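Computed from a predicted model, the values in this text were never measured in an experiment. Position 1 is the first residue of the sequence; numbering continues from there. Counting starts at 1 for both ligands and their atoms, following the listed order.
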Amino acid sequence: MGKNIAKTTHNFLFCDGGSCQKAGAENVVRTVRAYLRNNGLWDSTHTIKTRCNGRCEDAPTWIVQPNNYWYKELTPSKGLEIIKSHIHNNKPVEKHLLYCDDWDNISSEKEIPPYKLKPFNIIEDATLGSCYLTRGFASDQYTYPLFLYLFEHSPSSKIVLGDAKELSFSAIKEVLYSKQYVLELVLEHETIELVIAPINQKDTALVKARIAVVEYFHQITSQKKGIRFKNKFGDQIGLIWLSESAWKYCTEVQLQGLSIDKELV
Ligand code: FES
């Protein structure tokens, strides 16, 4: 039988993402869970392991509920201090806090500045000719929303994959991302698969198929705009020709407001 959540007073959400694991999260979790078990607190509290909490620089991290207390750089002894304080005194341990709802800012000595995309450059490309070009983000947290947006809002944008002929987004019936690393573009009689997430680097076929580079371009002569996908070896996987509205979405969302510098135009 599952835990009766209605009877619990505190939830401890332990980050179990890669950075927190490397920083010793499991040791902290085991220590805290053992304390809860041995002190009759197992049924009145709830512990949950989560994926990355988005604060890897402060690993290992936790979130304590209620009241949204975020903790950083945990060790087994800090973990025990924190749960005892919350459970027995109903108080956070301020010196270990990363953030709580009353604060305007987080408290981290390890803040990493956000990654900035490079500006558009003019290049002479063997396939695209003269164009303004920059690289966007290639993780599935960007590529899945990109394909979903084009499917939902830009039926006139067109995709070309390998030697296949141009396909309009209006011909796509569904965009699915339910498999581990494969995005599916479902057509009437076939499904196109694109590899968009981390894969086993020893599998050469998968590495060649994986979208590892996403380039946004604006051709100078034709004024056409689009996206080019490449694998990590620089081989082209596909191209998308974008409608004007889709280009606007790409610059605003995918490129985080980056536009072509007026001095280049
Ligand atoms: S892995 Fe824990 S915050 Fe990212």
Side-chain angles (χ1 to χ4, degrees), residues 3 5 8 10-37 41-42 45-87 91-117 135-146 177-183 195-202 206-207 210-212 214 232 253-254 256:
K3 182 166 281 188
I5 305 299
T8 59
H10 293 83
N11 287 327
F12 300 98
L13 296 105
F14 309 125
C15 180
D16 194 36
S19 300
C20 286
Q21 283 180 11
K22 273 193 215 128
E26 187 60 23
N27 206 8
V28 187
V29 176
R30 286 177 184 168
T31 304
V32 166
R33 282 183 166 166
Y35 175 83
L36 297 174
R37 176 77 72 196
L41 296 164
W42 191 261
T45 59
H46 195 34
T47 60
I48 303 164
K49 283 186 181 179
T50 72
R51 289 198 170 187
C52 175
N53 284 334
R55 290 299 313 178
C56 300
E57 55 269 65
D58 300 303
T61 63
W62 283 4
I63 303 166
V64 177
Q65 301 288 7
N67 298 326
N68 203 30
Y69 292 106
W70 288 59
Y71 287 98
K72 62 186 177 186
E73 298 175 51
L74 293 165
T75 60
S77 62
K78 287 182 191 173
L80 285 177
E81 187 185 355
I82 291 164
I83 55 159
K84 286 178 189 172
S85 180
H86 277 279
I87 294 172
K91 276 191 184 152
V93 183
E94 292 231 2
K95 62 185 173 185
H96 302 318
L97 275 176
L98 171 67
Y99 174 75
C100 69
D101 281 350
D102 294 340
W103 295 1
D104 290 334
N105 286 306
I106 55 171
S107 162
S108 170
E109 289 76 49
K110 299 180 177 171
E111 189 67 5
I112 299 171
Y115 178 77
K116 273 193 139 183
L117 293 168
R135 273 192 186 194
F137 295 101
S139 90
D140 60 339
Q141 291 186 34
Y142 284 86
T143 46
Y144 174 48
L146 169 67
Y177 189 31
S178 53
K179 295 185 177 172
Q180 193 182 352
Y181 45 74
V182 170
L183 177 84
V195 180
I196 65 165
I199 34 95
N200 177 359
Q201 289 294 314
K202 290 188 182 137
L206 272 182
V207 173
R210 183 184 173 194
I211 293 175
V214 178
K232 77 173 200 182
V253 177
Q254 294 285 331
Q256 301 183 339

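Classification of the Trp103-Tyr99 ring pair by plane angle, with boundaries at 30° and 60°, yields perpendicular. In this pair, Tyr144 and Tyr177 present their aromatic rings tilted. The plane angle is within the 30 to 60° band.
Residue-ligand proximity, Arg55 to ligand 1, at heavy-atom distances under 4.0 Å covers atoms 3 (S). When each atom of ligand 1 is checked for a heavy atom of Gly54 under 4.0 Å away, the hits are 3 (S). For ligand 1 and Ser19, the ligand atoms under 4.0 Å from any heavy atom of the residue are 1 (S).
Between His10 and Pro66, the shortest heavy-atom contact is CD2-CD, 4.1 Å. Among all heavy-atom pairs drawn from Arg210 and Ile196, the shortest one is NH2-O, 3.7 Å.
Looking only at atom types and distance, the side chain of Thr61 has no donor-acceptor partner in the side chain of Arg55 under 3.5 Å away.
Residue contacts with ligand 1 for Cys15 involve side-chain atoms from C-beta outward but no N, CA, C or O (heavy atoms, distance under 4.0 Å).
The nearest non-hydrogen atom to atom 4 (Fe) of ligand 1, considering only Ala59, Ala23, Ala25, Cys56, comes from Cys56.
Among the atoms of Cys20, an N, O or S atom falls under 2.8 Å from atom 2 (Fe) of ligand 1.
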